[in-house]
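The structure under discussion appears below in the form of structure tokens.
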Number of protein chains: 2
Amino acid sequence: MGMPLARSPVFRLSRERRVADIVAAARCVFEDKGYDDALISDIAARADVVEGTIYRYFENKRALFASVIEQWYGEMLLDHDEKLQEIRGTRNRLRFMICRHLEAIHEQPALSRLVFQVLRTGTDYRQTAVFELNRAYTRKIVGIVKEGQVRGEFRSDIQLRLVRDIIYGCIEHQTWAFLRGEGDFSPDVAADAIAELVYRGLAMPGPDSHGHERSLDLVDRLTHVAGRLEGLDGNAARDL
Amino acid sequence: MGMPLARSPVFRLSRERRVADIVAAARCVFEDKGYDDALISDIAARADVVEGTIYRYFENKRALFASVIEQWYGEMLLDHDEKLQEIRGTRNRLRFMICRHLEAIHEQPALSRLVFQVLRTGTDYRQTAVFELNRAYTRKIVGIVKEGQVRGEFRSDIQLRLVRDIIYGCIEHQTWAFLRGEGDFSPDVAADAIAELVYRGLAMPGPDSHGHERSLDLVDRLTHVAGRLEGLDGNAARDL
DNA sequence: GCTTATAAATGAGTTTTATTCATCAGTATT
DNA sequence: AATACTGATGAATAAAACTCATTTATAAGC
């Protein structure tokens, strides 16, 4: 029998700190290896711990991955709300939401793909925190469409769920080629096209509907801009 | 050293027959266990062969899965063409395609889910036979829309790719809850709703009233100016 | 300062599965 | 009948997720 090997010096961290380190390491590894090829041993090495340590804090690989995504979603949703508040007009608000989603995918293709591939396909998806975050996010779109209905821009006989599915589904489908690494796309251009088509599909029927909603939209924007020009404080000046 | 164990009697089949058996067995197992939980040993047992035999005919688990899906797609596309030929009218034809896709998902939720989860996410998807079959399928939708444009029912300024993505994306998104086993849906009802919205989004706008051109023109100019003044977020910035 | 309880961390297993390979044995060919 | 061919076997290998008994840094109580 050999005598016990000397252990490498052990650094003990608080639970929070260690968890944060592991999640950060996992995020890197998942990003550049995908889910299956990301090894727990890779993650452990990058986080400067041993494999067993990871299982002290996470039930399994999937749970660790879920934590990574939760963190990412949290970051994203933060600056979202404030920016949306500044946007006036149904059309612009709709376009903003669409564009944001496209941008998120464009900036984090690897993580986005994994959400679609790994997380959403699980039967336990509804119990996930990510599911809840997603709901909060999609509720905003639904809210915007409702608003449009109240203002008389949109027909009131459309199912809100359907609109949500059209928007998110289209965005996703449109980005699949990019997510597989086949070429690039412009979130701005794509957002314009999608918003246009969706808007038209929802708009009130009638010969002048298109012009009508656009002028309503414009009145909003001009009101907003006029307010800013009238104020002409430091903020507005910077923005010009 | 022990003497060699007696082998179970060996049944030798033709290559084609054996492959067919294995694919059939694999399809069953994938259907009720999903991809990860479907073991090669399960499949081998159901096909009455030993694990090694499977690797004689398929490079790996993924390739076997791809074969299963190919077979399924093949079956589906067969009766598709003839039925479509009987349908008259752009709107009906569009609705038919949408409904068919919804029905396929409704009838084979397990396989559908696996296509989305396993096959489409792979970087080698474009090299797959399934990819080609999918293209053939989507080309039909594009064809119908083009036809609609020629007949003057649809606007001609819409991107065909976008229409395709809207339709498929929406279908998919709408069926995700079902695919995770949360409740049911009616392909017929869903098809109506989707077809309606899409049709409206593509349809030619109604005739304009007098003098409307001018105000539309003005709206365009003001919109542009407003965009420049607003230019605080990345959205409006593109107008500069 | 010393003892002791707590929980962070280790690293050597265990288990589960896909995959490989040397060998065997029906079937067809000469 | 001898030979080549190829379908089939099953034991072995390998890769990775996951477990656990043990160790030890840190903090709390005296």
Side-chain angles (χ1 to χ4, degrees), chain A residues 1-26 29-30 32-68 114 118-119 122 124, chain B residues 1-26 29-30 32-68 114 118-119 122 124:
Chain A
M1 61 212 76
M3 66 180 184
L5 292 170
R7 291 196 174 201
S8 48
V10 172
F11 299 99
R12 296 180 62 165
L13 298 178
S14 69
R15 183 181 190 92
E16 298 78 45
R17 180 66 199 279
R18 190 61 91 190
V19 167
D21 283 3
I22 292 173
V23 170
V29 177
F30 280 127
D32 54 65
K33 301 243 183 141
Y35 185 78
D36 288 333
D37 291 344
L39 308 185
I40 296 292
S41 55
D42 290 342
I43 295 170
R46 182 178 272 262
D48 264 316
V49 293
V50 109
E51 292 180 50
T53 301
I54 290 179
Y55 288 93
R56 177 170 186 78
Y57 299 107
F58 299 93
E59 187 161 347
N60 51 37
K61 189 177 177 179
R62 213 184 146 77
L64 173 55
F65 175 70
S67 290
V68 168
L114 291 182
V118 179
L119 225 54
D124 56 340
Chain B
M1 60 213 80
M3 65 180 185
L5 292 169
R7 292 199 172 200
S8 49
V10 172
F11 299 99
R12 296 183 58 165
L13 299 177
S14 69
R15 182 182 190 91
E16 299 78 44
R17 181 65 200 278
R18 189 61 90 191
V19 166
D21 283 1
I22 291 174
V23 170
V29 177
F30 281 127
D32 54 66
K33 301 240 183 144
Y35 185 77
D36 287 332
D37 291 343
L39 307 185
I40 296 293
S41 55
D42 289 342
I43 296 170
R46 183 178 272 262
D48 265 317
V49 293
V50 107
E51 294 179 48
T53 301
I54 289 179
Y55 287 92
R56 177 171 185 80
Y57 300 107
F58 298 94
E59 188 161 347
N60 50 37
K61 188 177 177 179
R62 212 185 147 77
L64 172 56
F65 175 70
S67 291
V68 169
L114 291 181
V118 179
L119 224 55
D124 57 339

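Naming: A, B, ... by sequence-line order, numbering from 1 per chain. Note: hydrogens, waters and symmetry copies are ignored here, and every other heavy atom, side chains too, is used.
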With the threshold set at under 4.0 Å for non-hydrogen atoms, list the residues of residues 17-26 of chain A touching DNA chain D in residue-number order.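 Those residues: none at all.
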Report the distance from atom [atom1] of [X] to atom [atom2] of [N], rounded to the nearest whole Å.
| X | N | atom1 | atom2 | result |
| --- | --- | --- | --- | --- |
| B:K61 | D:dA14 | NZ | P | 21 Å |
| A:E51 | C:dA9 | CD | C1' | 13 Å |
| B:F11 | D:dG7 | CZ | P | 17 Å |
| B:I54 | D:dG10 | CD1 | P | 14 Å |

For [X] and [Y], work out which heavy atoms get closest and say how close.
| X | Y | result |
| --- | --- | --- |
| A:I54 | A:V49 | CG1-CG2, 4.3 Å |
| B:F58 | B:V23 | CZ-CG2, 3.7 Å |
| A:A38 | A:V29 | CB-CG1, 3.7 Å |
| A:Y55 | A:N60 | CE2-CA, 4.1 Å |
| A:D42 | A:K33 | OD2-NZ, 3.1 Å |

Test: A:K61 cationic atom under 6.0 Å from A:F30 six-membered ring centre, within 45° of axis:
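The answer is no; the distance or angle limit is not met.
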Partners of A:D124 by side chain to side chain contact (heavy atoms under 4.5 Å, CB included), sequence neighbours excluded?
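Counting only residues at least two positions away or on another chain, A:D124 forms a side chain to side chain contact (heavy atoms under 4.5 Å, CB included) with A:R62, A:Q127.
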- Charged N-O contact under 4.0 Å between B:R17 and B:D21: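 Counted as a salt bridge, because a side-chain N and a carboxylate O are separated by less than 4.0 Å.
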### Query
Can you tell which of C:dT19, D:dC18, C:dA8 lies closest to the side chain of A:N60?
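Shortest atom-to-atom distance from the side chain points to D:dC18.
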Look at the side-chain N and O atoms of [X] and state whether any lies under 4.0 Å from the OP1 or OP2 oxygen of [N].
| X | N | answer |
| --- | --- | --- |
| A:Y55 | D:dT19 | no |
| A:R15 | C:dA7 | no |
| B:R12 | D:dT6 | no |

- Query: So what does B:F58 hit on the nucleic acid, given a heavy-atom distance under 4.0 Å: a base, only sugar-phosphate, or nothing?
  - Reply: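 Nothing: the residue B:F58, judged by heavy atoms under 4.0 Å, touches no strand.
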Exercise. Look at all strands and tell whether B:R56 reaches a base, only sugar-phosphate, or nothing, counting heavy atoms closer than 4.0 Å.
Key: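 Base contact.
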Self-check item: DNA chain C-proximal residues of residues 35-45 of chain A, any heavy atom under 4.0 Å
Solution: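 Within this stretch, nothing sits under 4.0 Å of the strand.
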